[in-house]
Amino acid sequence: MKRRALLGTITAGLVAPMLCGKAFAQSSNGIKLVIPFPAGGGGDVLGRSPLDALSRNLGKDIWVLNRPGAGGNIGTSYLIDEPQKDASFGYVTNGIMCVNRYLYNNMKFDPLTDLEPVGQISKVGLVMVLNTKAIPGVEDYESLVKYSKSHPGEMFFASSGVGTTSHLAGQFFAMQTGLNLTHVPHAGGAAAMVEVLAGRIPFMIDVAANALPHVKKGSLKAIAVTTGERLESLPNIPTMKEIGLKDYELCAWDGYVVPKGAPKELKDQLSKALVKCRSDQKVIERIKMLGAQPVLSDGAEFAEFIKAEAQKWKTLAESISQAK
């Protein structure tokens with residue numbers, strides 16, 4: 001078993017390719033962003049979140065190409081093999097940079113040597129959401145645990161795919177509680193959320209960008225968040241630690257990269273343009289609305305962050321593989 005990636009779903013109105021800038025077609029002044037996740041999913045929405053401002057700061061149109069599959073590996077491999085390295089950059093997550101290598105047998109690239117960090121966009125909180133109509137009597141955390149204990153293997157949780165952060169989060173929850181849960185992977189966060197909303201699968205733990213719209217509509221109940229502190233966007237929802245899982249803390253993250261061999265000038269321009277977004281309140285608010293914490297760092301800061309995060313995600317990925 002070897003697969004993994006990151007992130008969920010949000011508005012259906014976002015389709016790819018989508019251009020941020022002056023025109024609605026690839027132009028000689030344009031640059032391509034490869035997002036290796038399905039259009040409309042949480043990763044796609046977060047990846048696009050700074051693009052209007054980034055485009056203005058660069059003085060270039062930015063158009064988006066979604067190349068989903070294999071936990072982000074397909075799109076990332078496409079970026080690395082892109083012959084026009086002077087006009088392309090990519091969106092990455094903790095799954096792509098730190099997890100997939102331990103979960104895929106035949107990865108064709110090494111993210112730490114074949115990609116160069118441009119800057120981090122955000123840290124991403126996850127939310128455990130429950131459809132209270134899925135199983136009679138399962139309406140909160142306590143009743144979910146009670147039902148799961150009395151029906152081992154019969155409590156299902158959805159994810160946006162084998163190896164995605166939502167899968168890791170669900171397996172981590174099972175490990176922390178000792179519950180025998182059954183994982184049901186889907187082709188992206190949007191597809192997974194459809195099943196939870198329909199009540200065919202009771203719950204999932206996914207990025208806030210995926211879960212928030214449905215919690216705010218009242219379609220799903222937020223049980224807990226995975227971050228160390230409560231999310232600003234969900235101030236009344238407790239953390240996993242607050243509901244009794246003292247060792248449960250998980251925060252996804254994302255950023256931009258260029259493929260190895262890209263001109264240094266391109267990398268530096270993108271990095272400076274992203275850092276400049278720190279002073280753009282619209283970008284800050286947009287990221288916060290998606291349940292994420294804005295970072296908007298430069299390439300050097302992102303490289304150090306990835307290095308610091310690598311061991312944690314390796315340990316989690318390996319422990320989950322062993323559990324399976």
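Just so it is clear, the values below take in all heavy atoms, side chains as well, and ignore hydrogens, waters and symmetry mates. We count residues from 1, following the sequence as given.
By the rule that hydrophobic residues join a cluster once side-chain heavy atoms approach within less than 4.5 Å of another member, M155 and V145 end up as members of one cluster. Linking ILVMFWY residues whenever their side-chain heavy atoms come closer than 4.5 Å, directly or via other members, places Y147 and L130 in the same cluster. A single hydrophobic cluster is seen to contain both V207 and I284, as judged by linkage of ILVMFWY side chains at heavy-atom distances under 4.5 Å, directly or through other members. Both V64 and Y78 belong to a common hydrophobic cluster when Ile, Leu, Val, Met, Phe, Trp and Tyr are linked at side-chain heavy-atom distances under 4.5 angstrom. No path of Ile, Leu, Val, Met, Phe, Trp and Tyr side chains, each step under 4.5 Å between heavy atoms, connects I74 with V257, placing them in separate hydrophobic clusters.
Residues satisfying the side chain to side chain contact (heavy atoms under 4.5 Å, CB included) criterion with V295, sequence neighbours excluded, are Q120, K123, S297. When the side chain to side chain contact (heavy atoms under 4.5 Å, CB included) test is applied to K221, the partners found at least two apart in sequence or on another chain are T132, D140, I223. In this structure, the salt bridge (Lys or Arg N to Asp or Glu O under 4.0 Å) partners of E309, at least two apart in sequence or on a different chain, are K312. Residues passing the salt bridge (Lys or Arg N to Asp or Glu O under 4.0 Å) test with E232 are K288, sequence neighbours excluded. Looking at residues two or more places apart in sequence or on another chain, you find a salt bridge (Lys or Arg N to Asp or Glu O under 4.0 Å) between E249 and K241.
With contacts defined as side-chain heavy-atom distances shorter than 4.5 Å, the pair V118/F302 does not qualify. Side-chain contact between R101 and L112 is present, with heavy atoms from C-beta onward closer than 4.5 Å. Taking 4.5 Å as the limit, some side-chain heavy atom of I205 sits within range of a side-chain heavy atom of T226. A heavy-atom distance below 4.5 Å is found between the side chains of M128 and L144. Using a 4.5 Å heavy-atom cutoff, the side chains of R48 and L33 are not in contact. Counting heavy atoms from C-beta on, the side chains of P117 and F305 never come closer than 4.5 Å. Residues L250 and W313 meet the side-chain proximity criterion, which asks for heavy atoms closer than 4.5 Å. Two residues are said to be in side-chain contact when any heavy atoms from C-beta on lie closer than 4.5 Å; Y91 and I121 meet this criterion.
The minimum heavy-atom distance linking D206 with M204 is given by the pair OD2-CE, 3.4 Å. Nearest heavy atom pair, residue G71 against residue N100, reads O-ND2, 2.9 Å. Taking every heavy atom of both residues into account, T239 and R230 meet most closely at CG2-N, 3.7 Å. Heavy atoms only, all atoms of each residue included: G170 and L181 are closest at O-CD1, 4.5 Å. A pairwise comparison of heavy atoms in L79 and S88 identifies CD1-CB, 4.0 Å as the closest pair. Between S122 and I287, the shortest heavy-atom contact is CB-CG2, 3.9 Å.
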Pair up each side-chain donor or acceptor in residues 172-180 with any protein partner under 3.5 Å, not counting sequence neighbours, and list the distances.
| residue | atom | partner | partner atom | Å |
| --- | --- | --- | --- | --- |
| T177 | OG1 | F173 | O | 2.8 |
| T177 | OG1 | A174 | O | 3.4 |
| T177 | OG1 | L179 | N | 3.4 |

For residues 184-202, which side-chain N or O atoms pair as donor and acceptor with protein atoms under 3.5 Å away, sequence neighbours left out?
| residue | atom | partner | partner atom | Å |
| --- | --- | --- | --- | --- |
| H186 | ND1 | S159 | O | 3.4 |
| H186 | ND1 | V184 | O | 3.0 |
| E195 | OE1 | R200 | NE | 2.8 |
| E195 | OE2 | R200 | NE | 3.4 |
| E195 | OE2 | R200 | NH2 | 3.0 |

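Note that CZ of F109 is 9.5 Å distant from OH of Y104, once rounded to the nearest 0.5 Å. To the nearest 0.5 Å, atom NZ of residue K314 and atom OH of residue Y102 are 4.5 Å apart. In this structure, OG on S77 lies 11.5 Å from CD1 on I96, to the nearest 0.5 angstrom. To the nearest 0.5 Å, the span separating CD1 on I31 from NZ on K60 amounts to 6.5 Å. For the atom pair OH of Y256 and CD1 of I35, the computed distance is 6.5 Å after rounding to the nearest 0.5 Å. Here L115 contributes atom CG and I80 contributes atom CD1; the two are 4.5 Å apart, rounded to the nearest 0.5 Å.
Residue pairs meeting the ring-ring contact (aromatic ring centres under 6.0 Å, His included) criterion with at least one member in residues 270-290, sequence neighbours excluded, do not occur. Sorted by first and then second residue, the salt bridge (charged side-chain N to carboxylate O under 4.0 Å, His left out) pairs with a member in residues 255-270 read E116-K267, K264-D268; sequence neighbours excluded. Evaluation of the salt bridge (charged side-chain N to carboxylate O under 4.0 Å, His left out) test over residues 65-88, restricted to residues two or more places apart or in two chains, returns K32-E82. Within the structure, salt bridge (charged side-chain N to carboxylate O under 4.0 Å, His left out) contacts touching residues 159-179 (residues at least two apart or in different chains) do not occur. Residue pairs that meet the salt bridge (charged side-chain N to carboxylate O under 4.0 Å, His left out) test with at least one member in residues 294-303, sequence neighbours left out, are R278-E301.
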Practice prompt. Take L231 and I237, measure what side-chain contact (heavy atoms from CB on, under 4.5 Å) needs, and give me the verdict at the end.
Written response: CA-CA 8 Å; L231 293 180; I237 304 303; over 6 Å; no

Worksheet item: Does the pair T93 and T165 meet the rule for a side-chain contact (heavy atoms from CB on, under 4.5 Å), with working shown?
Response: CA-CA 9 Å; T93 64; T165 299; 5.7 Å; no

Discussion item. For T227 and Q293: C-alpha separation, side-chain torsions, deciding distance, then whether side-chain contact (heavy atoms from CB on, under 4.5 Å) applies.
Written reply: CA-CA 11 Å; T227 45; Q293 175 187 341; over 6 Å; no

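Of the possible donor and acceptor atoms, one in the side chain of N66 sits under 3.5 Å from a partner among the backbone N and O of F37. With hydrogens and angles disregarded, a donor-acceptor distance shorter than 3.5 Å links the side chain of N94 to the backbone of W253.
For E229, the CD atom sits in a loose shell: 12 or fewer heavy atoms of surrounding residues, nucleotides or ligands are nearer than 6.0 Å. A 6.0 Å sphere centred on CE of M107 holds more than 12 heavy atoms belonging to other residues, nucleotides or ligands.
No salt bridge links K282 with D52; every basic N to acidic carboxylate O contact stays at or beyond 4.0 Å.
Taking the six-membered ring where the residue is Trp, F157 and H167 present tilted rings, their angle falling between 30° and 60°.
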